[in-house]
Amino acid sequence: MSNFNVKRVNDYVLELTMDVVGGPDWKQSVLHQSDQHWDSKKSHRSTIKQHLDEAMERNAPIFFYGDWFDAMQGKNDRRGSKSDVRPEYQSISYFDDLVDNCADWIAPYASNIVGWGRGNHETSVLLHNETDLVKRTVEKVNLINGTSILTMGYEGYIVLNFRKEDGSGVTGGKKKVFFTHGTGGGGQASKGVTKTSYRAAVHPDADIVISGHTHKFWAMPEQRVRISDMGRLYTDTQWHLQLGAYKDNYMNTPGLGWEHEKGFSPTTVGTFWTNVRRKKSSNRTEIEVIPEMAL
């Protein structure tokens with residue numbers, strides 16, 4: 001049974017409420033995935049499945065932040081290649097088959113998926129083919145499984161709220177996650193780390209900043225000096241998590257292709273968990289978030 005539930009606050013914000021149970025050792029894992037490119041021949045489906053299976057074992061909420069679908073093989077997509085079409089999608093109803101096949105594949109995990117966002121691959125299909133793959137898939141998954149997965153945009157906020165067994169709040173306060181599918185390239189030298197300063201300035205209320213898109217994989221803690229309403233100075237940490245991807249063109253096309261022409265490195269296949277737990281160093285109940293790699 002899930003110890004969490006999610007609701008839509010508005011088009012930009014979801015609220016995930018977790019039940020704080022189990023005494024001082026309480027911990028709740030959350031799985032964050034992006035850039036699965038699930039329908040591509042070059043997608044590591046076995047690793048996607050491995051991480052989703054573990055999420056079910058941990059009873060963890062699951063978030064997708066865009067580019068679940070590769071979806072580049074439509075007849076109007078100049079990036080497409082017939083050699084990249086999986087056999088099950090070689091039909092005149094390409095996008096319909098993606099939705100139907102995905103809805104069946106994802107069913108064992110539907111109860112724990114709480115938010116499903118869009119990436120540039122899904123928005124490209126929407127722009128050029130006038131169909132919303134994420135919306136259609138979520139509607140079908142919810143209908144078949146009786147679930148309540150919520151769709152998300154290209155970016156937005158997730159507010160983590162905490163509830164005691166008696167229904168009251170937790171004194172550690174809420175935690176706020178800003179997510180974006182991501183923008184621009186990863187940078188061959190910087191890996192996109194320089195974007196943390198911009199995102200920290202634009203989203204100062206976020207405790208965690210999550211992004212995908214670049215197929216890079218790193219975590220960056222930024223310490224901040226804060227001041228309370230009573231004039232007390234203290235520090236806290238804003239985590240920046242760059243999620244890895246599950247598609248690796250580099251190793252699937254040795255010596256040829258876009259990645260080799262641009263001098264890109266192979267993809268580190270993986271993602272991040274965040275482990276939300278009680279802060280044991282405090283006399284009162286506080287919540288801290290600790291990132292954990294999933295490879």
Side-chain angles (χ1 to χ4, degrees), residues 3-4 6 14 16 18 20 25-36 44 47-48 50-67 112-115 117 152 155-162 170 172-182 186-187 190-200 203-224 226 235-246 267-282 286-295:
N3 294 321
F4 54 85
V6 66
L14 300 185
L16 176 66
M18 305 179 190
V20 181
D25 294 325
W26 174 82
K27 182 177 78 171
Q28 175 68 66
S29 295
V30 181
L31 180 64
H32 309 274
Q33 281 193 345
S34 180
D35 296 273
Q36 296 94 335
H44 289 245
T47 310
I48 300 172
Q50 172 191 329
H51 294 159
L52 293 176
D53 285 340
E54 187 173 352
M56 301 306 291
E57 292 171 6
R58 296 193 190 192
N59 193 25
I62 301 166
F63 286 96
F64 298 153
Y65 298 106
D67 285 2
N112 282 53
I113 301 169
V114 291
M152 306 188 301
E155 67 173 34
Y157 273 91
I158 302 162
V159 177
L160 305 182
N161 190 34
F162 307 100
V170 176
K174 300 174 184 290
K175 296 294 181 181
K176 303 176 185 70
V177 179
F178 170 74
F179 71 87
T180 173
H181 176 67
S190 71
K191 311 298 183 185
V193 172
T194 53
K195 294 175 184 176
T196 59
S197 297
Y198 168 79
R199 289 171 177 162
H203 301 282
D205 296 319
D207 298 288
I208 309 169
V209 176
I210 291 177
S211 59
H213 182 60
T214 63
H215 295 204
K216 306 301 181 186
F217 191 22
W218 48 260
M220 172 71 73
E222 289 281 5
Q223 288 298 110
R224 305 183 294 187
R226 312 295 294 273
T235 61
D236 69 2
T237 303
Q238 184 186 63
W239 278 100
H240 293 258
L241 303 182
Q242 175 64 51
L243 305 184
Y246 292 85
T267 298
T268 301
V269 176
T271 192
F272 276 104
W273 302 87
T274 52
N275 294 308
V276 187
R277 65 187 186 186
R278 294 183 192 269
K279 190 174 182 180
K280 297 182 180 180
S281 61
S282 175
E286 293 186 355
I287 302 297
E288 62 179 347
V289 181
I290 307 296
E292 174 193 348
M293 282 187 168
L295 295 171

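Numbers here simply count residues along the sequence, with the first being 1. Values reported hereafter were calculated over all heavy atoms of this structure, with side chains retained and with hydrogens, waters and symmetry mates removed.
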Give a yes or no answer on whether the side chain of [X] reaches the backbone of [Y] with a donor-acceptor pair at less than 3.5 Å.
X: Gln33; Y: Leu243; value: no
X: Asn161; Y: Lys174; value: no
X: Asn112; Y: Ala60; value: yes
X: Trp239; Y: Pro291; value: no
X: Gln242; Y: Gly212; value: yes

Would Lys175 and Phe162 count as a side-chain contact (heavy atoms from CB on, under 4.5 Å) if you check the C-alpha gap in whole Å, the side-chain angles of each, and the deciding distance to 0.1 Å? CA-CA 9 Å; Lys175 296 294 181 181; Phe162 307 100; 4.0 Å; yes
Are [X] and [Y] side-chain neighbours, meaning at least one heavy-atom pair lies under 4.5 Å?
X: Phe64; Y: Met152; value: no
X: Val177; Y: Thr274; value: no
X: Val209; Y: Thr196; value: no
X: Ile208; Y: Val289; value: yes
X: His213; Y: Ser34; value: no
X: Phe217; Y: Thr267; value: no

Shortest non-hydrogen separation from [X] to [Y] and the atoms involved:
X: Ala219; Y: Phe272; answer: CB-CZ, 3.7 Å
X: Ser29; Y: Arg58; answer: OG-NH1, 3.0 Å
X: Gln28; Y: Pro61; answer: NE2-CD, 3.4 Å
X: Tyr157; Y: Phe179; answer: N-CE2, 3.7 Å

Give the ring-plane orientation class for Phe63 versus His32, where under 30° counts as parallel, over 60° as perpendicular and anything between as tilted. parallel
Hey, can you tell me if His51 and Tyr246 have their rings parallel, tilted or perpendicular (30° and 60° cut-offs)? perpendicular
Ignoring hydrogens and angles, state whether a donor on the side chain of Ser211 or Arg199 is under 3.5 Å from an acceptor on the partner side chain. yes
Just by distance, with hydrogens left out, do His240 and Gln238 show a side-chain donor and acceptor under 3.5 Å apart?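 Yes, Gln238 and His240 have a side-chain donor paired with an acceptor closer than 3.5 Å.
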Using the rule given for side-chain contact (heavy atoms from CB on, under 4.5 Å), can you reason through Lys195 versus Thr214, listing the C-alpha separation, both sets of side-chain angles and the distance that settles it, and then say yes or no? CA-CA 12 Å; Lys195 294 175 184 176; Thr214 63; 4.2 Å; yes
Would Trp26 and Val276 count as a side-chain contact (heavy atoms from CB on, under 4.5 Å) here? Give the steps. CA-CA 9 Å; Trp26 174 82; Val276 187; 4.0 Å; yes
Under the rule for side chain to side chain donor-acceptor pair (under 3.5 Å), what residues qualify as partners of Thr271, not counting sequence neighbours? none
side-chain contact (heavy atoms from CB on, under 4.5 Å) between Met18 and Val30, intermediate numbers included: CA-CA 10 Å; Met18 305 179 190; Val30 181; 3.6 Å; yes
Electrostatic pair Asp205-Lys176, nearest N-O below 4.0 angstrom: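 No, no charged N to carboxylate O under 4.0 Å.
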Assess whether salt bridge (charged side-chain N to carboxylate O under 4.0 Å, His left out) is satisfied between Glu292 and Arg277, documenting all intermediate values. CA-CA 13 Å; Glu292 174 193 348; Arg277 65 187 186 186; over 6 Å; no
